[in-house]
Amino acid sequence: MLKKEANKVLDAKGLACPMPIVKTKKAMDELNSGDILEIHATDKGAKADLAAWTDSSGHELVDQKEEDEVLKFWIKKG
């Protein structure tokens with residue numbers, strides 16, 4: 001696995017759908033093209049939601065994993 005250094009970390013733990021996506025979109029708007037956003041979420045639906053949102057918005061889901069009930073995602077801004 002290629003470990004990416006995040007430019008920003010978004011804490012979306014404890015938030016239910018659609019808030020992790022809403023906050024992710026807002027955070028991505030503040031980044032430059034090529035920057036990496038690291039997202040921490042506990043909503044299991046975030047896995048499918050973030051993957052679908054990333055595809056539809058022209059960004060790249062670089063990596064994802066689960067640690068201690070926390071889903072972690074790294075999204076590169078397109």
**Prompt:** When you look at NZ of Lys25, are more than 12 heavy atoms from neighbouring residues, nucleotides or ligands closer to it than 6.0 Å?
**Reply:** no
**Request:** Under 4.5 Å between side-chain heavy atoms, chaining through other members, with only Ile, Leu, Val, Met, Phe, Trp and Tyr counted: pull out the rest of the cluster around Phe73, sorted by chain and number.
**Result:** Leu10, Ile21, Met28, Leu31, Leu37, Ile39, Leu50, Trp53, Leu61, Leu71, Ile75
**Request:** Spell out, as yes or no, whether a donor-acceptor pair under 3.5 Å connects the side chain of Ser33 to the backbone of Gly78.
**Result:** yes
**Asked** Which residues satisfy the salt bridge (charged side-chain N to carboxylate O under 4.0 Å, His left out) test with Glu30, sequence neighbours excluded?
**Response** Lys8, Lys26
**Request:** Find the distance between CD (Glu66) and NZ (Lys72) and round it off to the nearest 0.5 Å.
**Result:** 11.0 Å
**side-chain hydrogen bond (donor to acceptor under 3.5 Å, both in side chains) against Lys47, all qualifying residues, sequence neighbours excluded** = none
**Item:** ring-ring contact (aromatic ring centres under 6.0 Å, His included) partners of residues 6-34, not counting sequence neighbours, each pair once
**Value:** none
**Request:** Would you please name every residue forming a side-chain hydrogen bond (donor to acceptor under 3.5 Å, both in side chains) with Lys23, sequence neighbours left out?
**Result:** none
**Prompt:** Which ring-ring contact (aromatic ring centres under 6.0 Å, His included) pairs, counting each pair once, include a residue from residues 22-43, with sequence neighbours left out?
**Reply:** none
**Fill in**
The complete set of ring-ring contact (aromatic ring centres under 6.0 Å, His included) pairs with one or both residues in residues 6-35, sequence neighbours excluded, reads none
**Message:** According to salt bridge (charged side-chain N to carboxylate O under 4.0 Å, His left out), who are the partners of Asp11, at least two apart in sequence or on a separate chain?
**Reply:** Lys13
**Request:** Over all heavy atoms of both residues, which pair between Glu38 and Ala6 is shortest? Give the atoms and the distance, please.
**Result:** CB-CB, 3.6 Å
**Complete:** Students should find that the hydrophobic cluster of Leu15, defined by side-chain heavy atoms under 4.5 Å apart, otherwise consists of Met19, Val22
**Item:** Shortest non-hydrogen separation from Lys65 to Trp74 and the atoms involved
**Value:** CE-CH2, 3.6 Å
**Request:** For Asn32, enumerate each residue passing the side-chain hydrogen bond (donor to acceptor under 3.5 Å, both in side chains) test, keeping only those at least two apart in sequence or located in another chain.
**Result:** none
**Request:** List in chain and number order the residues that pass side-chain hydrogen bond (donor to acceptor under 3.5 Å, both in side chains) with Glu69, two or more places apart in sequence or in another chain; answer none if no residue qualifies.
**Result:** none
**Request:** Scan for ring-ring contact (aromatic ring centres under 6.0 Å, His included) pairs involving residues 6-33, sequence neighbours excluded, and state none if there are none.
**Result:** none
**Prompt:** Would you say Cys17 and Asp49 make side-chain contact, with heavy atoms under 4.5 Å?
**Reply:** yes
